[in-house]
Asker: 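Before we start, here is the structure in question, set down as structure tokens.
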Amino acid sequence: DTEVTQTPKHLVMGMTNKKSLKCEQHMGHRAMYWYKQKAKKPPELMFVYSYEKLSINESVPSRFSPECPNSSLLNLHLHALQPEDSALYLCASSQENSPSLTQPQHFGDGTRLSIL
Amino acid sequence: ILNVEQSPQSLHVQEGDSTNFTCSFPSSNFYALHWYRWETAKSPEALFVMTLNGDEKKKGRISATLNTKEGYSYLYIKGSQPEDSATYLCAFATGNQFYFGTGTSLTVIP
């Protein structure tokens, strides 16, 4: 069983809906990550939070809005998504993000998102 | 966007065979090279993080080497077992950016 929990596992939403993806870890990790993975493509880094502050934003459209309420939780708020945003969204955590991205990441099982 | 290439794209081996695959990455601005194993319907699992040129890491029957000067890493599996069947992903860390390769899909035939 993964130590990074993502909910929901599946989400179907219309283009006008607002929804949120949730990620939780209790390993004491201080860095958390959101990735987007399309079929047959590698995961693409979207956001990195380090010590609850956004440290990396890979030029992701504003219809994706991350939030890190505390060191254990990471949310991804979704609004006015497009059909091309349908993908697997993976959350990960690591002990810390310094030095840069040199710690192994622990992944959740992902949320499979479909935009109608 | 950087290119992180993995080869071969897919591989079928018989149980007991040893195998290896390659991850190629830019040789400049290197911070770390990660290897992950991703089984179907599960989450990616960290195998190794390598930071120094010449690093060699080992975990059971799986080992990896790193050459940062020429920009490649090899992953070796000795005596492949059916449970080794998975997609093996490498990821290149440079500064505050992180790029996964497209993966090598390994199938071990009993």
Asker: Taking side chain as everything from C-beta outward and backbone as N, CA, C, O, which of these in B/Tyr36 sits under 4.5 Å from a heavy atom of chain A? Side chain, backbone, both or neither.
Answerer: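 Contact with chain A is through the side chain of B/Tyr36 alone.
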
Asker: Within the distance-only criterion (no hydrogens, no angle test), does the side chain of A/Asn75 pair as donor or acceptor with the backbone N or O of A/His77 below 3.5 angstrom?
Answerer: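 No; zero donor-acceptor contacts below 3.5 Å.
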
Asker: More than 12 foreign heavy atoms under 6.0 Å from NZ of A/Lys38: is that the case here?
Answerer: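 More than 12 within 6.0 Å, yes.
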
Asker: Verify the ring-centre separation between B/Phe98 and A/Tyr33: is it less than 6.0 angstrom?
Answerer: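 No, too far apart.
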
Asker: Counting only non-hydrogen atoms closer than 4.5 Å, does B/Gln6 touch chain A with its backbone (N, CA, C, O), its side chain (CB onward), both, or neither?
Answerer: neither

Asker: Determine, using ring centers only, whether B/Phe30 and B/Phe25 are less than 6.0 Å apart.
Answerer: yes

Asker: Do B/Trp35 and B/Lys57 have side chains that get closer than 4.5 Å, going by heavy atoms?
Answerer: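 No - every pair of side-chain heavy atoms lies 4.5 Å or more apart.
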
Asker: May I ask you to list the residues in residues 101-110 of chain B that approach chain A closer than 4.5 angstrom, counting heavy atoms only, ordered by number?
Answerer: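 Interface residues of residues 101-110 of chain B: B/Gly101, B/Thr102.
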
Asker: So does A/Glu44 pair up with A/Lys36, basic N to acidic O under 4.0 Å?
Answerer: no

Asker: Among all residues two or more places apart in sequence or in another chain, which pass the side chain to side chain donor-acceptor pair (under 3.5 Å) test with A/Glu24?
Answerer: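 By the side chain to side chain donor-acceptor pair (under 3.5 Å) rule, A/Glu24 matches A/His26.
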
Asker: With chain A, which of B/Glu45, B/Lys42, B/Gln97 has the greatest number of heavy-atom pairs at distances under 4.5 Å?
Answerer: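 Option with the greatest count: B/Gln97.
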
